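Following: one structure in structure tokens, then a few remarks.
Just so it is clear, the values below take in all heavy atoms, side chains as well, and ignore hydrogens, waters and symmetry mates. Not measured: the values here are computed from a predicted model. Within every chain, numbering begins at 1; the chains are lettered A, B, ... in the order of the sequence lines, protein sequences first and strands thereafter.
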Amino acid sequence: MSVNLIFKIAAVGILVTVICQVLKHSGRDEHAFLTSLAGLLIVLFWILPYIYELFETMQSLFAL
Amino acid sequence: MDILKIAVLGIAGALLAILLRREKPEYSIFISLSVCICIFVYIITKLSTILDFAKRLEEALPVDSRYIMLLLKMIGITYIAEFAMNICKDAGYAAIGNQIEIFAKMTILVISIPVLTVFLETISSMI
């Protein structure tokens with residue numbers, strides 16, 4: 001369930017790093033920045049539901 | 001057993017995070033956050049059994065159920081504050097982490113005020 005999330009995030013991270021290196025060396029720095037931004041947003045949208053679910057269970061468990 | 005699973009999960013997450021630390025530090029924080037959440041899912045199963053035991057204990061002892069609920073609330077606040085503080089400290093922002101910690105301590109103090117008043121009343125009634 002959430003274990004392959006870790007490997008998905010690692011894969012996106014490695015992919016974005018490689019793409020940014022290639023784009024940087026080919027002189028297009030703004031594209032590199034945009035790719036890293038896009039990768040960041042994708043991973044953020046993956047992780048947000050898990051964080052929300054975490055805090056929901058905390059609230060229900062501890063009757064906060 | 002599942003302790004082995006947790007250990008392997010933590011080590012794998014740490015190694016993946018280190019891999020990305022030099023190039024893209026934000027991804028290492030994402031990875032550590034997701035490993036924390038994965039391990040927390042296992043903690044929940046252990047926690048719910050402990051909470052059931054606490055509820056059973058509550059009926060047995062003549063303790064007022066309000067105090068046990070307060071205790072649970074404090075544990076919950078401490079755990080969430082600890083989680084957020086450590087994530088901030090991992091990211092290198094200890095100042096934010098300390099602010100969260102101070103806020104958590106204040107909330108716990110505010111919650112425990114009724115208990116303290118009852119305690120003081122019993123003391124003064126005895127003297």
Is any side-chain heavy atom of B:Asp90 less than 4.5 Å from a side-chain heavy atom of B:Leu33? no

Check: A:Gln21 and A:Val18 side chains under 4.5 Å, non-hydrogen atoms: no

Would you indicate whether the side-chain heavy atoms of B:Asn98 and B:Tyr93 approach each other to under 4.5 Å? no

Contact listing (chain A partner; residues 4-26 of chain B; heavy atom under 4.5 Å): B:Leu9, B:Leu16, B:Leu19, B:Leu20, B:Glu23, B:Lys24, B:Glu26

Would you call B:Phe103 and B:Gln99 a side-chain contact if the rule is heavy atoms closer than 4.5 Å? no

Neighbours of chain B found in residues 34-49 of chain A - heavy atoms under 4.5 Å: A:Ser36, A:Gly39, A:Leu40, A:Val43, A:Leu44, A:Ile47

So that I can tick it off, tell me whether B:Lys105 and B:Glu101 are bridged by a salt bridge, with the cut-off set at under 4.0 angstrom between side-chain N and carboxylate O. yes

With a 6.0 Å cut-off on the ring centroids, do B:Tyr79 and A:Phe62 count as close? no

Using a 6.0 Å cut-off, check whether atom CZ of A:Phe55 has over 12 heavy atoms from anything other than its own residue. yes

How many angstroms lie between atom OH of B:Tyr27 and atom OG of B:Ser32, to the nearest 0.5 angstrom? 14.0 Å

Which bit of B:Phe30 comes within less than 4.5 Å of chain A, counting heavy atoms only: side chain, backbone, both or neither? both

Do B:Ser112 and B:Leu70 have side-chain heavy atoms sitting under 4.5 Å apart? no

Do the non-hydrogen side-chain atoms of A:Leu54 and A:Tyr50 ever get within less than 4.5 Å of each other? no

